[in-house]
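FYI, side chains are in, hydrogens and waters are out, and symmetry mates aren't considered; it's all heavy atoms of this structure. Letters A, B, ... mirror the listed sequences (proteins, then strands); counts begin at 1.
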Protein chains: 2
Amino acid sequence: MLTRIDHVGIACHNLEAAIAFYESTFGLVVVSRERSEQQGVREAMLRVADAPAGTSYIQLLEPLGPDTPVGRFLARHGEGVHHVGYGVTDISAALASIGAAGVRLIDSRPRHGSMGASIAFLHPKDVGGVLTELVQAPGPG
Amino acid sequence: MLTRIDHVGIACHNLEAAIAFYESTFGLVVVSRERSEQQGVREAMLRVADAPAGTSYIQLLEPLGPDTPVGRFLARHGEGVHHVGYGVTDISAALASIGAAGVRLIDSRPRHGSMGASIAFLHPKDVGGVLTELVQAPGPG
């Protein structure tokens with residue numbers, strides 16, 4: 001069902017500083033920047049690797065304010081890994097299967113995510129403490 | 001420098017229960033189990049995807065006791081993402097470059113990791129709160 005580790009989402013206080021760090025220290029390159037009022041973040045995707053199953057990224061996330069999911073995460077935990085996103089080929093089928101397995105779905109239906117993908121989050125309490133995202137990359141179909 | 005997301009390391013209280021969850025919910029398959037007295041863990045690697053740059057895994061980690069790095073992590077944070085491992089082709093060159101950039105190295109020289117890899121950890125305080133591991137897969141050379 002999972003085709004790749006699509007991305008690791010990392011919460012940071014200062015997006016520009018985090019980008020500069022990952023670029024200069026690890027040689028990564030930003031391939032997308034977005035701002036999402038709905039999710040309350042400014043974000044950047046840095047490409048780690050290309051593969052037949054799709055690209056893997058580091059996603060850097062800066063909250064738009066303290067009263068956002070990532071803002072509350074930073075207040076509680078400080079900077080660090082916020083979530084893990086896995087690639088799937090059919091997100092609706094994956095959600096149906098995972099929901100039937102008893103995992104609570106934060107998003108019962110896919111919604112728009114970064115870079116044109118369809119995404120959905122699973123409840124971390126049902127995934128061993130890991131906020132888990134499913135990502136179906138935009139396809140030709 | 002980074003060739004792939006090699007693995008996401010996830011701390012859990014009960015390795016067998018975590019394996020059963022990832023297998024049944026996401027259809028993943030265990031490809032390796034190891035016990036490391038040095039690192040104080042029992043672990044399993046579950047393959048997520050194969051790619052030319054190497055395979056990506058979920059690494060499930062159960063501490064051998066409370067007075068181990070993963071045991072202390074669980075006591076402080078509960079279950080969740082413990083670290084992120086990135087593939088590199090030349091771990092010694094990567095450590096030299098990253099150390100020169102000012103990141104403190106937990107392992108100044110590579111040591112033996114899972115599945116025959118050479119690994120080294122970077123200090124999370126210098127990597128935006130993310131315990132970061134470099135992984136050079138065992139090669140033919």
Side-chain angles (χ1 to χ4, degrees), chain A residues 1-14 17-18 21-22 24-28 46-58 60 74 76-88 94 97-103 122 124-132 134, chain B residues 1-14 17-18 21-22 24-28 46-58 60 74 76-88 94 97-103 122 124-132 134:
Chain A
M1 177 191 301
L2 307 183
T3 60
R4 67 189 182 284
I5 301 175
D6 183 85
H7 65 273
V8 177
I10 297 172
C12 61
H13 290 294
N14 183 315
F21 171 79
Y22 272 95
S24 65
T25 308
F26 296 119
L28 299 181
L46 291 84
R47 180 188 288 122
V48 179
D50 284 315
T55 303
S56 292
Y57 305 93
I58 291 173
L60 299 173
L74 283 172
R76 279 199 305 270
H77 303 286
E79 294 186 321
V81 175
H82 178 262
H83 69 271
V84 180
Y86 298 103
V88 294
S97 169
I98 292 166
V103 173
L122 313 178
K125 288 194 178 169
D126 289 344
V127 192
V130 180
L131 178 58
T132 299
L134 304 179
Chain B
M1 177 190 300
L2 307 183
T3 59
R4 68 190 181 283
I5 300 175
D6 183 87
H7 65 273
V8 177
I10 297 172
C12 61
H13 290 293
N14 183 315
F21 171 79
Y22 273 95
S24 66
T25 307
F26 296 118
L28 299 181
L46 292 84
R47 181 187 288 121
V48 179
D50 284 314
T55 302
S56 292
Y57 305 92
I58 291 174
L60 299 173
L74 283 172
R76 278 199 305 272
H77 303 286
E79 294 187 320
V81 176
H82 177 262
H83 68 271
V84 180
Y86 298 102
V88 295
S97 169
I98 292 166
V103 173
L122 313 179
K125 288 194 178 168
D126 290 343
V127 192
V130 180
L131 178 58
T132 299
L134 305 179

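Heavy atoms closer than 4.5 Å to chain B are found nowhere in L131(A), neither backbone nor side chain. For L122(A), the part sitting under 4.5 Å from any heavy atom of chain B is the side chain, from C-beta outward, and nothing else. For V103(A), the part sitting under 4.5 Å from any heavy atom of chain B is the side chain, from C-beta outward, and nothing else. The contact between V8(B) and chain A is made by backbone and side chain atoms together, counting heavy-atom distances below 4.5 Å. The contact between V84(B) and chain A is made entirely by side chain atoms (from C-beta outward), counting heavy-atom distances below 4.5 Å. Residue contact with chain B, scored on non-hydrogen atoms closer than 4.5 Å, is absent for V88(A). Contacts of T25(A) with chain B are made by both backbone and side-chain atoms, with heavy-atom separations under 4.5 Å. With a 4.5 Å cut-off on non-hydrogen atoms, L60(A) does not touch chain B at all. In this structure, the portions of F26(A) lying under 4.5 Å from any heavy atom of chain B include both its backbone and its side chain.
Taken from CZ in R4(B) to OG in S56(B), the straight-line distance is 7.0 Å, to the nearest 0.5 Å. To the nearest 0.5 angstrom, D6(A) atom CG is 10.5 Å from L134(A) atom CG. Remark: I58(A) CD1 to H7(A) NE2 distance equals 11.5 Å, nearest 0.5 Å.
Interface summary for chain A: among G128(B), A101(B), G27(B), the most heavy-atom pairs under 4.5 angstrom belong to G128(B). Of the listed residues (I5(A), I10(A), L28(A)), the greatest number of heavy-atom pairs within a distance under 4.5 Å of chain B belongs to I5(A).
In terms of heavy atoms, S97(A) sits closest to M1(A) at OG-CE, 3.4 Å.
Residues D126(A) and F21(B) form no side-chain contact, since every pair of their non-hydrogen atoms from C-beta on lies 4.5 Å or further apart.
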